[in-house]
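Computed from a predicted model, the values in this text were never measured in an experiment.
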Protein chains: 2
Amino acid sequence: MRRHSFDLVDYQILRELQADARKPAAEIARKFNLNERTVRNRIERMVEAGAIRLTCIVDPAFFGYVITADIFLEVELEHEQAVITALLAMPEVSYLAFGQGTQDLSIEVRFKNNEQLREFLRSVLPSIPGVHVKGYALVPRILRNIDEWMPPVEEFAEE
Amino acid sequence: MRRHSFDLVDYQILRELQADARKPAAEIARKFNLNERTVRNRIERMVEAGAIRLTCIVDPAFFGYVITADIFLEVELEHEQAVITALLAMPEVSYLAFGQGTQDLSIEVRFKNNEQLREFLRSVLPSIPGVHVKGYALVPRILRNIDEWMPPVEEFAEE
DNA sequence: GCTGAAAATTATGCATT
DNA sequence: AATGCATAATTTTCAGC
């Protein structure tokens, strides 16, 4: 019933890479009594298939971007594509998604202080053609984000 | 005025690792005419400092978790810690953050189909003591997430 | 904090099952 | 798909600057 063909071995490798994406395949192989080549093949297959991405996550707080807010927008349909392009070009935007309504966009933004957020809400966003700020909320703390997500282990059970 | 001491070289390395966290330090060194040891030192320093994490991001959609929803909760204060623990233990929860109100929690969840989401909203959440579902919204598509976030390049300008 | 050179480890290409 | 082996490349250790 599963659409993929990854098993518990892949799952174990996944967990290791989640902890350290640069962990040598040989080391993982030793830990689970696998052939070193097998580990590298599995990693390659998962990346190739698009199941995983091995990447570098930057911590906004480390660089002083300690203010997080969610902002809810309505966008006039004829401006939608331009607005999305503009928002994606802004380094302050850490999340961008379509909302439930046909004109809704949600974004999450990061700033060094409240003044910058205020400026963004008051000036930057309203100056983009077709954008209407419907509301926003400060996000005091994020406890989990997508980079920690993992399917239930049952997904990897043997056939 | 910056709290950190990373420069444009670190930035360049960062971008390479963002594209592929396993890219050999020697390859990065060649690309930017750096000493291979320098590259490895820089990576180590950034990881050590907590500025970056080299990790494995799993794509929910690949594993069939194609339904995304944001859910807004209110939690009775005396149950807060238990609720958070319970939510973090659920593999469906891909995001969890405090909200603006003292009792607010926002979560993002992933499901394979609408029926599972419905069940989660109708049964799973209400059965957790102290939890009240205030609302929810489907998320038709996510265009950017935190794993693509990066501070503006100016942050890395030389002193 | 950067670099060099030797040693150890890891990755790759190719062939076999 | 998994593995063994030979070769290539990379990482590590230890040193000096």
Side-chain angles (χ1 to χ4, degrees), chain A residues 1-59 62-64 151 153-159, chain B residues 1-59 62-64 151 153-159:
Chain A
M1 195 50 65
R2 292 198 310 287
R3 289 179 195 76
H4 63 90
S5 57
F6 297 131
D7 61 16
L8 283 171
V9 170
D10 296 296
Y11 181 78
Q12 289 176 309
I13 294 171
L14 222 56
R15 310 274 327 189
E16 294 298 311
L17 294 176
Q18 202 174 33
D20 177 9
R22 286 178 87 79
K23 186 168 292 181
E27 192 178 329
I28 298 171
R30 256 181 271 118
K31 179 159 181 179
F32 298 114
N33 272 305
L34 299 166
N35 184 287
E36 164 201 333
R37 271 321 293 270
T38 302
V39 173
R40 232 175 279 113
N41 285 339
R42 300 290 189 116
I43 295 173
E44 201 173 300
R45 231 175 289 146
M46 288 191 282
V47 171
E48 187 60 31
I52 65 173
R53 251 166 343 113
L54 299 168
T55 189
C56 170
I57 305 253
V58 181
D59 178 16
F62 181 90
F63 289 91
V153 62
E154 294 78 32
E155 282 287 326
F156 297 87
E158 309 287 344
E159 312 263 319
Chain B
M1 194 49 66
R2 291 199 310 286
R3 290 180 195 76
H4 63 91
S5 56
F6 297 130
D7 61 16
L8 283 171
V9 170
D10 296 297
Y11 181 78
Q12 290 176 308
I13 295 171
L14 223 55
R15 309 277 321 194
E16 295 299 311
L17 294 176
Q18 202 174 33
D20 176 9
R22 286 178 87 80
K23 186 166 291 181
E27 193 178 328
I28 298 171
R30 254 180 273 119
K31 180 158 179 177
F32 299 114
N33 273 304
L34 299 165
N35 184 288
E36 164 201 332
R37 274 314 303 273
T38 303
V39 174
R40 231 175 282 111
N41 287 338
R42 300 290 190 116
I43 295 173
E44 202 174 300
R45 231 175 289 146
M46 288 191 283
V47 171
E48 187 61 32
I52 65 173
R53 248 164 348 111
L54 299 168
T55 189
C56 170
I57 305 252
V58 181
D59 178 16
F62 182 89
F63 290 91
V153 63
E154 294 79 32
E155 282 287 326
F156 298 86
E158 310 286 344
E159 311 261 319

Interatomic distance, A:Glu27 CD vs C:dT9 P [rounded to whole Å]: 12 Å
Phosphate-side-chain proximity, B:Arg37 and C:dG4, N/O vs OP1/OP2 below 4.0 Å: no
B:Thr38 side chain near C:dT3 phosphate (N/O to OP1/OP2, under 4.0 Å): yes
Touch class at under 4.0 angstrom, heavy-atom based, for B:Arg40 against every strand present: base
4.5 Å side-chain heavy-atom contact, B:His4 and B:Glu155: yes
Range on DNA chain D touched by chain B, heavy atoms, distance below 4.0 Å: D:dT10 to D:dC14
Under 3.5 Å: donor-acceptor pair, side chain of B:Thr55, backbone of A:Ala21: no
Write down the protein N/O and nucleotide N/O pairs, taken from nucleotides 15-17 of chain C, whose separation is under 3.5 Å; answer none if there are no such pairs.
none

Earlier contact from the 5' end, DNA chain D, for A:Asn35 and A:Pro24: A:Asn35
Cationic N near anionic O, under 4.0 Å, A:Glu27 to A:Lys31: no
Side chain to side chain, B:Val9 and B:Phe32, heavy atoms closer than 4.5 Å: no
Contact nearer the 5' end of DNA chain D, comparing B:Ala26 with A:Arg45: A:Arg45
Nearest-angstrom distance from the residue atom NZ of A:Lys23 to C1' of C:dA11: 18 Å
Side chain to side chain, A:Phe62 and B:Pro151, heavy atoms closer than 4.5 Å: no
Minimal non-hydrogen separation, B:Leu8 against B:Ala157, with atom names: CG-CA, 4.5 Å
Any B:Arg22 side-chain nitrogen or oxygen under 4.0 Å from OP1 or OP2 of C:dT10: no
Value in whole Å for how far the P atom of C:dT10 lies from CG of A:Asn41: 17 Å
Any donor-acceptor N/O pair, B:Asp10 side chain to B:Ile13 backbone, under 3.5 Å: no
Results of side-chain contact (heavy atoms from CB on, under 4.5 Å) for B:Arg22 - residues two or more places apart only: A:Leu17, A:Ala25, A:Ile43, A:Leu54, B:Asp20
d(NE2, B:His4; P, C:dG1) in whole Å: 14 Å
Test item: side-chain donor near acceptor, B:Arg37 and B:Asn41, under 3.5 Å: yes
